[in-house]
Amino acid sequence: MDYHSLCATGQARPFMCFGPGRAWDFCFWLCQAWPEPRPGQTNDQVAMASAHPNRPRPPAMLLLLALLQFSLGASKINCATPPDNSTDVLWLQAFKHGITSDPSGWFSSWNSSANHCMWPGVRCSRKHPGRVVALQLFGLNLTGQISSSIGNLTFLRTLNLSKNSFSGRLPPLNHLQKIQVLDLSSNRLHDSIPDAITNCSSLRKIRLTTNFLAGEIPPKVGLLSNLILLGLSDNDLTGTIPPILGNITSMQRLGVSYNNLTGRIPDELGKLTNMWRLLLGGNSLSGGFPRCLFNLSNSLQILGLESNMLSKELPPNMGDDLPNLQMLSLHDNMFEGQIPASLGNATWLEEFALGNNNLTGTVGEWIGKLTQLRVLFLYANSFIGPLPSSLGQLAQLEELNLGNNKLHWPLPSSLGQLAQLEELNLGNNKFEGPIPPLGQLAQLEELNLGNNKFEGPIPPLGQLTQLEELSLANNKFEGPIPLLDQLTQLTYLNLGNNKFGGSIPPTLGNLQQLSYLDLSQNNLEGNIPIQLSSLTSLYKLNLSSNKLTGKIS
């Protein structure tokens, strides 16, 4: 505000002001009458005359001048020239020079015609103008290397370069004291994770998944006490899981799956009582089921230990001690014994996978208590006995795979109630008797009942219009091949090694998506329908070991 607006009322006038032109920057104001201008005298001249009168100043004014001089000296100390924020522009430009391919043209607007805070993917601080606090350039198919200049953006809080094709090493980040989110996932970065990353003490989220990072997990990562997420899955990491990770009690999500880690799962992970997602699958971890995880009973929802070398029996109380589980993935290990019936108390389970272990016993009726289940994989074990009729209570079930076991007896009719089912695999068992009606399974895309002892005619399947794969091979089905012309999505059809008689239905020629057709080892007779020649997607056709006659079209 200039002196006119403050002093024109005649109540105050400036005693001394500093600053260029009329926009005086610093003034001391005295409350006294503003003199009337003489004829021809402007307000500026009045102000200047009043500010510098030609008369001796009283002692009070001298004291005021001394205070003013002291104040001006102090202002020079406290109001030093602000730092030059243009250096962030230089670091961004250096980063741009490391990009060798920008297919979407994202960087075309990264030039001097616009302030760097307006560049796409760049966000600057409000408190510190010009200082970059976020760089988010994900999913742009960028190639090149991540320039080390990134490490000089010292105000950076978020760095997200995920879902690109950056190669080379991780850039040095040890100067980024303020960074909280680091996401370099889904790139082609290699070499080891540097210890210096632990200097970024404010880090809360680290995502380095799906790269080619090698070496061990730096134990010093355990010093990042603010971490809530550490994602290192899908790399080439070796060594063991550092027990010191148990010190990061704020951790909520830990993923080191699909690496080359060995050794036992450290008991120290039981101290991570805020953990709700723990993914350790796809390694070579050994030992039994980690009982330390029972300490996480109030938080743990997603647990992935699949594709390891874990063995021994599953703890009988695991369903009681982990009641909040939504996903339990233990497939492709060496667990033995029976499935704990207590898992029926983990009623929030949506995905339950125990396939390809050494489990025995029966699948108990308790399975019907898991009414939220969408996926149930128990394939490739040694389960015996009948299927529980309570399976029909799993109204949300989308995938059911019990193949490659020793299950027998007729199928329960309740299977026909699973209206949301998309995959049903009961192949390679000892089931017998007729197939129950399955017409209600309108969402079914894959049906495998092969390699059992089913017999009788096939029930109507025309309502399964979403079906893409159908295998009924190696059973004792008889009668004519049913009409399947409504199954226009079929790509795989295997009815081989049964007792089907009659002729090959010409309507099979309507299945234009069919790429695999096996009708071998049956009692089919008559000519090969010329309509089969319209199956232009077919790559395998097996009609051997039948009683077909006539010419081959």
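Being a predicted model, the structure only gives us computed values, none of them experimental.
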Participant: How close do I241 and P266 get, counting heavy atoms only, and between which atoms?
Facilitator: O-CG, 3.7 Å
Participant: side-chain contact (heavy atoms from CB on, under 4.5 Å) between L464 and L470: does it pass, once the steps are laid out?
Facilitator: CA-CA 10 Å; L464 310 183; L470 174 60; over 6 Å; no
Participant: Using modelled atom types only, decide if a donor and an acceptor are shared between the side chain of T143 and the backbone of S101 within a distance under 3.5 Å.
Facilitator: yes
Participant: Between N356 and N381, what is the shortest heavy-atom contact and its length?
Facilitator: N-ND2, 3.8 Å
Participant: To the nearest 0.5 Å, what is the distance between CG on L532 and CG on L543?
Facilitator: 7.0 Å
Participant: Does any part of the side chain of L472, heavy atoms only, come nearer than 4.5 Å to the side chain of N494, both counted from C-beta?
Facilitator: no
Participant: Just say parallel, tilted or perpendicular for the rings of Y516 and Y492, cut-offs at 30° and 60°.
Facilitator: parallel
Participant: Which residue in the set N425, L387, L424 passes side-chain contact (heavy atoms from CB on, under 4.5 Å) when paired with L402?
Facilitator: L387
Participant: Short question: side chain of N164, backbone of L140 - any donor-acceptor pair under 3.5 Å?
Facilitator: yes
Participant: Testing the basics here: between I504 and P529, what is the closest heavy-atom pair and its distance to 0.1 Å?
Facilitator: O-CG, 3.3 Å
Participant: Is it true that S390 and E365 share a donor-acceptor pair across their side chains at a distance under 3.5 Å?
Facilitator: yes
Participant: Is a side-chain N or O of S225 found less than 3.5 angstrom from the main chain of I248, in a donor-acceptor match?
Facilitator: no
Participant: Can you see whether N333 engages N357 through a side-chain donor-acceptor pair at a distance of less than 3.5 angstrom?
Facilitator: no
Participant: Quick check for you: to the nearest 0.5 Å, what is the distance between L354 atom CG and E306 atom CD?
Facilitator: 11.5 Å
Participant: Could you tell me if the side chain of M318 sits less than 4.5 Å from the side chain of F294, heavy atoms only?
Facilitator: yes
Participant: Hey, is the main chain of Q326 close enough, under 3.5 Å, to the side chain of N324 for a donor-acceptor pair?
Facilitator: no
Participant: Do we see a donor-acceptor contact under 3.5 Å between the side chains of N451 and N474?
Facilitator: yes
Participant: Tell me, yes or no, whether the heavy-atom count around F138 atom CZ, taken from other residues, nucleotides or ligands under 6.0 Å, exceeds 12.
Facilitator: no
Participant: If I take atom CG from residue L159 and atom CD from residue Q180, how far apart are they, to the nearest 0.5 angstrom?
Facilitator: 13.0 Å
Participant: Looking only at heavy atoms, what is the nearest atom pair of Q396 and Q372, with distance?
Facilitator: CB-O, 4.3 Å
Participant: Does any N or O in the side chain of N522 come within less than 3.5 Å of the main-chain N or O of L519, such that one atom is a donor and the other an acceptor?
Facilitator: yes
Participant: Can you confirm whether R204 is buried at CZ, in the sense that more than 12 heavy atoms of other residues, nucleotides or ligands lie under 6.0 Å from that atom?
Facilitator: no
Participant: Provide the closest heavy-atom pair for L269 versus L296 in the form atom of the first, atom of the second, distance.
Facilitator: O-CD2, 4.0 Å
Participant: For the residue pair Q521 / S545, report whether a side-chain donor-acceptor contact shorter than 3.5 Å exists.
Facilitator: no
Participant: Do you know the tightest heavy-atom contact between L227 and K205?
Facilitator: CD2-N, 4.0 Å
Participant: Can you tell me which residue pairs pass the side-chain hydrogen bond (donor to acceptor under 3.5 Å, both in side chains) test with a partner in residues 261-289, sequence neighbours excluded?
Facilitator: N247-K271
Participant: Measure from the side-chain N and O atoms of N187 to the backbone N and O of S165, and report whether any donor-acceptor pair falls under 3.5 Å.
Facilitator: yes
Participant: Using only atom types and a distance under 3.5 Å, with no angle test, would you say the side chain of S342 pairs donor to acceptor with the backbone of P316?
Facilitator: yes
Participant: Would you mind reporting whether N345 and K369 have side-chain heavy atoms less than 4.5 Å apart?
Facilitator: yes
Participant: Take a 6.0 Å sphere around CE of M334 and say whether it holds more than 12 heavy atoms from other residues, nucleotides or ligands.
Facilitator: yes
Participant: side-chain contact (heavy atoms from CB on, under 4.5 Å), that's the test. Do L343 and L328 meet it? Break it down for me.
Facilitator: CA-CA 10 Å; L343 283 170; L328 177 60; 4.0 Å; yes
Participant: Determine whether a donor-acceptor pair (N or O, by modelled atom type, separation under 3.5 Å) exists between the side chain of N211 and the backbone of T209.
Facilitator: yes
Participant: Any side-chain heavy-atom pair from S307 and Y258 closer than 4.5 angstrom?
Facilitator: yes
Participant: So do the side chains of R188 and F212 get within less than 4.5 Å of each other, counting heavy atoms only?
Facilitator: yes
Participant: Is W348 atom CH2 crowded by more than 12 heavy atoms from other residues, nucleotides or ligands, each under 6.0 Å away?
Facilitator: no
Participant: Check the pair N510, L508 against side-chain contact (heavy atoms from CB on, under 4.5 Å), reporting the backbone distance first and the verdict last.
Facilitator: CA-CA 5 Å; N510 297 335; L508 290 179; over 6 Å; no
Participant: Evaluate the criterion side-chain contact (heavy atoms from CB on, under 4.5 Å) for residue pair D518 and L493; output intermediate values, then yes/no.
Facilitator: CA-CA 6 Å; D518 189 342; L493 176 59; over 6 Å; no
Participant: So do F352 and I339 actually touch side chain to side chain, heavy atoms under 4.5 Å?
Facilitator: yes
Participant: Step through the shown structure and confirm whether more than 12 heavy atoms of other residues, nucleotides or ligands are within 6.0 Å of CD on Q463.
Facilitator: no
Participant: Got a second to check how far N527's CG is from L548's CG, nearest 0.5 Å?
Facilitator: 8.5 Å
Participant: Would you say S257 and S233 are linked by a side-chain donor-acceptor pair, where the criterion is simply a distance under 3.5 Å?
Facilitator: yes
Participant: Working to the nearest 0.5 Å, report the span between CG of L415 and CG of L394.
Facilitator: 10.0 Å
Participant: Using side-chain heavy atoms (C-beta onward) and a distance below 4.5 Å, is Q301 in contact with L325?
Facilitator: no
Participant: So how far is it from L397 CG to R374 CZ, rounded to the nearest 0.5 Å?
Facilitator: 10.0 Å
Participant: Is the closest side-chain heavy-atom distance between D236 and L213 below 4.5 Å?
Facilitator: no
Participant: May I ask you to decide if L407's main-chain N or O and N429's side chain share a donor-acceptor pair within less than 3.5 Å?
Facilitator: yes
Participant: Got a donor-acceptor contact below 3.5 angstrom from the N475 side chain to the F477 backbone?
Facilitator: no
